[in-house]
Amino acid sequence: MAGARGPAAAQASIQLPHAPSSARAARRFVAATLRGWRLDGVSQVVELLAGELVTNAITHTPASSVGIGLVVTLGGDAVRVEVHDTSPQLPKHEGMGGWDDEAGRGLELVAALATRWGSDIDGHSAGKAVWFEVHTA
């Protein structure tokens, strides 16, 4: 199976607090993880998109003691990043913010730069996972 949906070659995860500083922590975690996997060529894009999804989770979900989960998976020819939060509200794929809007560009960036992206209800909690994949080659 192509992409990160096949068997995981490597996986790393972190639990982040529901706080604005978590977007920066997510970018740093992704950078360190990808550096360890020798994937510096895709690191900047993956860091940017992970930071956007964590920011969205913080902005659009109620604060909880669970916080925000971040999972980075290397599988096949792609890196997959999942951001888990406690809201069951899936993001809208249509009508996302435009480039000139003051807010709402996070998912536009994800749609423009990721190979694939989507969202799923999280079967382990009452929340959801928003994810993207970026090819490594």
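Note that this is a predicted model, so its numbers are computed, not measured.
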Checklist entry - Are V83 and V66 joined in one hydrophobic group, where the rule is that I, L, V, M, F, W and Y side chains link up if heavy atoms are under 4.5 Å apart? => result no
Checklist entry - What distance separates L53 CG from D85 CG, expressed to the nearest 0.5 Å? => result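 If we round to the nearest 0.5 Å, L53:CG and D85:CG are 10.0 Å apart.
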Mind checking whether [X] and [Y] have side chains closer than 4.5 Å, heavy atoms only?
{"X": "S13", "Y": "V72", "result": "no"}
{"X": "V79", "Y": "F132", "result": "no"}
{"X": "L39", "Y": "L74", "result": "yes"}
{"X": "D120", "Y": "K128", "result": "no"}

Residues that [X] engages under side-chain contact (heavy atoms from CB on, under 4.5 Å), provided they are two or more places apart:
{"X": "Q89", "answer": "S87"}
{"X": "V45", "answer": "L49, L113, V134"}
{"X": "I14", "answer": "L16, F29, L70"}

Next on the checklist: Is it true that E133 and H135 share a donor-acceptor pair across their side chains at a distance under 3.5 Å?
Outcome noted: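 Side chains of H135 and E133: no pair found under 3.5 Å.
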Item to check | For Q11, all residues meeting side chain to side chain donor-acceptor pair (under 3.5 Å), sequence neighbours excluded | outcome: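 Only T73 meet the side chain to side chain donor-acceptor pair (under 3.5 Å) criterion with Q11.
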Next on the checklist: Does Q44, at its CD atom, have more than 12 non-hydrogen atoms belonging to other residues, nucleotides or ligands within less than 6.0 Å?
Outcome noted: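 It does not: Q44 CD has 12 such atoms or fewer within range.
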Looking only at heavy atoms, which two atoms of [X] and [Y] are closest? And how far apart?
{"X": "P17", "Y": "I68", "answer": "O-CG1, 4.3 Å"}
{"X": "A50", "Y": "V81", "answer": "CB-CG1, 4.1 Å"}
{"X": "P91", "Y": "S119", "answer": "CD-OG, 3.5 Å"}

Checklist entry - Which pairs pass side chain to side chain donor-acceptor pair (under 3.5 Å) with one or both residues in residues 18-38, sequence neighbours excluded? => result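 Listed once each, the pairs are H18-T61.
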Item to check | Qualifying side chain to side chain donor-acceptor pair (under 3.5 Å) pairs, either residue in residues 46-59, two or more places apart | outcome: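 Applying side chain to side chain donor-acceptor pair (under 3.5 Å) to every pair that reaches into residues 46-59, excluding sequence neighbours, yields S43-E47.
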Next on the checklist: For a side-chain contact (heavy atoms from CB on, under 4.5 Å) check, start with the C-alpha distance between D40 and L34, then their side-chain angles and the critical distance, and finish with the verdict.
Outcome noted: CA-CA 6 Å; D40 296 327; L34 296 183; 5.7 Å; no
